[in-house]
J.: 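Right, I'll just put the structure down here and ask away after.
Computed from a predicted model, the values in this text were never measured in an experiment.
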Amino acid sequence: VNMALYNDEHEALCTHCGSDDIVPLDGKYAYTANSKYQAYRCNGCKSVLRGNRNQGTGNKLTRVL
């Protein structure tokens, strides 16, 4: 369940726990076949997330498995 879908108050929310306490991981990136995305960590549940914009700060996050 994407917990961020249930809250419209903040731009970036953890998709796992819904927390807005997200910090970028400096120098860390999540890679896909076509792009490189900034990695983030949720301080609430310690999940690693990535932004949705290629090499930039996104307002939506995706959980990295």
J.: Which atoms form the tightest heavy-atom contact between Gly51 and Tyr37, and what is the distance?
T.: O-CD2, 3.4 Å

J.: Taking the side chain from Arg41 and the backbone from Val23, do they hold a donor-acceptor pair closer than 3.5 Å?
T.: no

J.: Do Tyr40 and Arg50 come close enough that some side-chain heavy atom pair is under 4.5 Å?
T.: no

J.: Are any of the side-chain heavy atoms of Asn43 and Ser19 separated by less than 4.5 Å?
T.: no

J.: NZ/Lys46 to SG/Cys17 distance, rounded to the nearest 0.5 angstrom?
T.: 10.0 Å

J.: So, for Leu49 and Cys42, which heavy atoms are closest and what is the spacing to 0.1 Å?
T.: CD1-CB, 4.4 Å

